[in-house]
Amino acid sequence: MRITTFPVLRRLTASSNGMPQNKAWTVASFPTGALREDNFKLVESPAPSPKGGEVLVKNLWLSLDPYMRGRLSQSKSYVKGVERGEVMTGETAGEVVESKHAKFKPGDKVTAPSGWQLYCCVTGEMLTKVDASRVPLSYFLGCLGTPGRTAYFGMKDICQPRPGETVVVSAASGAVGSVVGQLAKAWGTRAVGIAGGKAKCDYVTKELGFDACVDYKAGNLYEDLKAACPKGIDCYFENVGGTILDTVLRLMNVKSRIAVCGLISDYNTADPYGVKMFRSILVNRIKLQGLIVFDWLERYPEGNKALLDLVASGRLKTRESVLAGIEQAPRGLIGLLKGQNFGKQLVKLH
Ligand SMILES: NC(=O)c1ccc[n+]([C@@H]2O[C@H](COP(=O)([O-])OP(=O)(O)OC[C@H]3O[C@@H](n4cnc5c(N)ncnc54)[C@H](OP(=O)(O)O)[C@@H]3O)[C@@H](O)[C@H]2O)c1
């Protein structure tokens, strides 16, 4: 299902030297609390020409992801942040326009760490060629890309659900959460989502086939989650943190597992939440592990194949939230961090 939230895409104008005009969002300043549009600056210039070993890519889709908030900070993290004046970091899916690398030719579909821009020149080694003949190209940024692989390896290697167990996932209607719950169903477990609002919960149960979904905004999360998980929780796939994590910890079973994938409720604040129910980890002997998907780089082919098989056979569904035009990117990321997206957040660039 593809949902287009904003119509109208401005076409590119050709520059005087015949190269198309590039537009790129650079980092203007670092936010101290919530992200603002003026933390970014839009810069225009002619598209670059590839040098030896490089490929010019026309970016068709830009992925907006929660991790981007962390790149706009100089705090220590698992990847270095973006510097002021640099193009904002981000992954794109696009098409090769010109190639000076033996493995790529014009027309090839690729994903690239291009950043927030319409065109980019990257070395061939940084590109991933994808086969978009069976599925839409944009899926390689969502259920068949980083979010899908994150769900797959986090579930398979950290949560390790056994048939009949109960798996709970937060941000359940989102890019990662929607895959987690559908894998839980495919692997024979009870899948319970946590999401913000009735529409998202209805989608998770009626469209994606989860057994239940709890609306944390309804104000009764503990009781509602307890009712949805009558045998307690065996696996929790954590995407948000904060009070939701504390509530889930109260319902975890003995010898249960938690994959800490994301803590989005803390990303936009200088005052992170302090977990209160830590004792549950001790008394229930919970195995809790942080997850950064790059750690599975060597096994990406396994994840890619498993996910593609599920998508191509109709057993894994996805939903996209599409903004039209690169101008919308800052607004899209700000909205994502407030839960305004409904499905994988993308920007259609051309
Ligand atoms: N560790 C890794 O390698 C890795 C890789 C990819 C993603 N992640 C993490 O996975 C999580 C989900 O990412 P995604 O790409 O799938 O995003 P997403 O779920 O498509 O979108 C983010 C969702 O988070 C929820 N949210 C936002 N602010 C919230 C808040 N204050 N409290 C509770 N929920 C809030 C919203 O859903 P509701 O409306 O339902 O609240 C929003 O739609 C993020 O934490 C991200 O950082 C980690």
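Quick caveat: nothing in here was measured; it's all calculated off a predicted structure. Whatever order the structure lists them in is the order used to number ligands and atoms, beginning at 1.
- Side chains of S256 and D234: a donor-acceptor N/O pair is absent below 3.5 angstrom, by distance only.
- If you check the side chains of S133 and D131, you find a donor sitting under 3.5 Å from an acceptor.
- Here R250 does not pair with D246 in a salt bridge; the nearest charged N to carboxylate O distance is not below 4.0 Å.
- Residues that satisfy the side chain to side chain donor-acceptor pair (under 3.5 Å) test with R69, not counting sequence neighbours, are N268.
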Quick check on ligand 1: any N or O pairs to the protein under 3.5 Å? One line per pair.
from, atom 1, to, atom 2, distance (Å)
ligand 1, 1 (N), C261, O, 3.0
ligand 1, 1 (N), L291, O, 2.6
ligand 1, 3 (O), V293, N, 2.9
ligand 1, 10 (O), N239, OD1, 3.2
ligand 1, 16 (O), A175, N, 3.2
ligand 1, 16 (O), V176, N, 2.7
ligand 1, 20 (O), A175, N, 3.0
ligand 1, 20 (O), N341, ND2, 3.2
ligand 1, 21 (O), N341, ND2, 3.1
ligand 1, 28 (N), L337, O, 3.4
ligand 1, 34 (N), Y216, OH, 3.4
ligand 1, 39 (O), K200, NZ, 2.6
ligand 1, 40 (O), G196, N, 2.8
ligand 1, 41 (O), Y216, OH, 2.5
ligand 1, 43 (O), K200, NZ, 3.4
ligand 1, 43 (O), N341, OD1, 2.7
ligand 1, 43 (O), N341, ND2, 3.4
ligand 1, 45 (O), N239, O, 2.8
ligand 1, 45 (O), Y267, OH, 3.3
ligand 1, 47 (O), Y267, OH, 2.8

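- Side-chain polar atoms of K344 and S63 form a donor-acceptor pair below 3.5 angstrom.
- Contact annotation: the side chain of E302 never approaches that of W296 to less than 4.5 Å [non-hydrogen atoms, C-beta and beyond].
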